[in-house]
Protein chains: 2
Amino acid sequence: MTSRTTAPTDALPDEPAREWTIAEVAQEFGVTHRTVRHYEELGLISPERRGTRRVYHRRDRTRLALVLRGRRLGFPLEEISRIVNMYDEPPGEQGQLAYLLGQITDRRRDLEQRRRDIEDSLQELDELERRCRRDLSALEPASP
Amino acid sequence: MTSRTTAPTDALPDEPAREWTIAEVAQEFGVTHRTVRHYEELGLISPERRGTRRVYHRRDRTRLALVLRGRRLGFPLEEISRIVNMYDEPPGEQGQLAYLLGQITDRRRDLEQRRRDIEDSLQELDELERRCRRDLSALEPASP
DNA sequence: CCTTACGTTGACGTCAACGTCAACCGTTCC
DNA sequence: GGAACGGTTGACGTTGACGTCAACGTAAGG
């Protein structure tokens, strides 16, 4: 009940190995089942197949949360794919690791730029609000 | 020379009323002329028309900068349109102002959510980098 | 056994944000 | 004066991120 859509970032120790259907994850994350399947087509998540049905585990939910955060930030899904795959690759050899470090640097630069953009936007919003309130109080000096 | 694409946020006092061609603004802002025209079709900028040619003024550059910042943040252009139009509307009457204040609140909420997402992402990147460097130093204890 | 609910696979549709191309116009410069 | 250059207007193409629809499978409940 902490957030509007049930905030499924949980890892409750009492549920040892829960499983979820597509309808459950879709609803909990506030997306359609089509979106979930689309992400699977792009390799962003790969749920277990039990017969023909998809079975989602905590791992899938973790990845989906990462994907949706990337989406909120406006990243294209292909880039998101590379990002989430950075996180659960095996340690790898030195070339891989150096490459990964480079990717990390790039991503950090990008995110820091975005943060600056956001700070600037917020500041300008503050300014605009001040002007707005000033104009408003100029219209009616006493609140009716 | 502060940024890669000449950072055209200037307002040099020595140039009293400069004008720009589409090629100039496109190059300085790092977009194509098609993009600039597209933004005009959507009403995001409205350059002067001298005969058939477009003539851009500081006002257009200011708006374009706002638009591109919104784009970097991943906002859809339609939403960006509403945002930039918030900034240079006339003061308006009390209903308008109240509405505007509501919009400001909404935008702020959105931006703050994004900022949280970015902070989280940056933290996780830090973690990943630490793991990465640890793995790397485990491979070659002395740098060759 | 039949319905109902949920799930699955294509496959086509859509919408935003441009890219690309053709055809054309107006200066300018040799 | 004509060729090159930059600009303009359609108009169609493309890509990403899904929406939507049809047709079908299957497990559960009455």
Side-chain angles (χ1 to χ4, degrees), chain A residues 5 8 18-57 60-61 63-85 110 114 117, chain B residues 5 8 18-57 60-61 63-85 110 114 117:
Chain A
T5 16
R18 258 209 73 178
E19 298 173 346
W20 291 268
T21 72
I22 192 172
E24 286 166 346
V25 296
Q27 193 209 342
E28 293 180 36
F29 283 89
V31 296
T32 69
H33 81 290
R34 178 65 179 90
T35 299
V36 177
R37 279 186 42 221
H38 184 53
Y39 292 168
E40 182 178 349
E41 289 172 10
L42 299 185
L44 292 170
I45 47 182
S46 17
E48 187 195 339
R49 287 304 182 105
R50 196 160 299 164
T52 174
R53 303 297 179 76
R54 293 170 172 85
V55 178
Y56 296 85
H57 299 259
D60 303 305
R61 292 162 61 94
R63 299 200 105 206
L64 187 50
L66 280 175
V67 171
L68 293 179
R69 193 178 66 192
R71 189 178 77 160
R72 283 196 302 274
L73 291 175
F75 288 106
L77 290 179
E78 189 186 330
E79 194 165 352
I80 293 178
S81 171
R82 275 178 285 134
I83 298 173
V84 300
N85 286 328
D110 191 339
R114 281 157 186 268
D117 284 336
Chain B
T5 14
R18 257 209 72 180
E19 297 174 347
W20 291 267
T21 73
I22 193 172
E24 286 167 346
V25 295
Q27 194 208 342
E28 294 180 36
F29 283 90
V31 297
T32 69
H33 82 290
R34 178 66 178 91
T35 298
V36 177
R37 279 187 42 222
H38 184 52
Y39 292 168
E40 183 179 349
E41 290 172 8
L42 299 186
L44 293 169
I45 47 182
S46 19
E48 187 195 337
R49 286 305 182 103
R50 195 161 298 164
T52 173
R53 303 297 180 74
R54 293 170 171 86
V55 179
Y56 296 85
H57 299 259
D60 302 306
R61 291 162 61 95
R63 299 201 104 203
L64 187 49
L66 278 175
V67 171
L68 293 178
R69 191 178 68 191
R71 189 178 77 160
R72 283 198 300 275
L73 291 174
F75 288 105
L77 291 180
E78 190 186 328
E79 195 165 352
I80 293 177
S81 172
R82 277 178 284 134
I83 298 172
V84 299
N85 286 327
D110 191 340
R114 280 157 186 267
D117 284 336

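This structure is a prediction, so every number in the text was calculated from the model and none was measured. In the text below, chain A, chain B and the rest are named by the order of the sequence lines, each starting its count at 1.
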Between CD of B:Q27 and P of D:dG7 the distance, given in whole Å, is 11 Å
Reckon B:Y39 has a side-chain N or O less than 4.0 Å from the OP1 or OP2 of C:dA17?
no
Residue set satisfying side chain to side chain contact (heavy atoms under 4.5 Å, CB included) with B:L77, at least two apart, ordered chain then number -> B:H38, B:Y39, B:L42, B:L44, B:V67, B:I80
note: A:H38, atom NE2; C:dC15, atom C1'; distance rounded to Å ~ 14 Å
Rounded to whole Å, CD of B:E19 lies from P of D:dG7 at a distance of 14 Å
- So, is A:T21 near the phosphate of C:dG7, with a side-chain N or O under 4.0 Å from OP1 or OP2? yes
| A:F75 six-ring centre to A:R82 NZ/CZ under 6.0 Å and within 45° of normal | no
Going 5' to 3' through nucleotides 8-13 of chain C and flagging B where a protein heavy-atom sits under 4.0 Å of the base, S where only the sugar-phosphate is that close, and - otherwise, we get SBB---
B:R71 atom CZ is separated from C:dA17 atom P, nearest whole Å, by 10 Å
Those residues at least two apart in sequence (or on a different chain) that pass side-chain hydrogen bond (donor to acceptor under 3.5 Å, both in side chains) with B:E79 are B:R107
Nearest-nucleotide check on DNA chain D, B:A23 vs A:E78; residue mapping nearer the 5' end is B:A23
Hits for side chain to side chain contact (heavy atoms under 4.5 Å, CB included) against A:H57, two or more places apart or cross-chain, chain-then-number order -> A:E19, A:E48, A:V55, A:D60
Residues passing the side-chain hydrogen bond (donor to acceptor under 3.5 Å, both in side chains) test with B:D117, sequence neighbours excluded, are A:R72, B:Q113
By side chain to side chain contact (heavy atoms under 4.5 Å, CB included), A:E78 pairs with (sequence neighbours left out) none
Rounded to whole Å, CG of B:L42 lies from P of C:dA16 at a distance of 9 Å
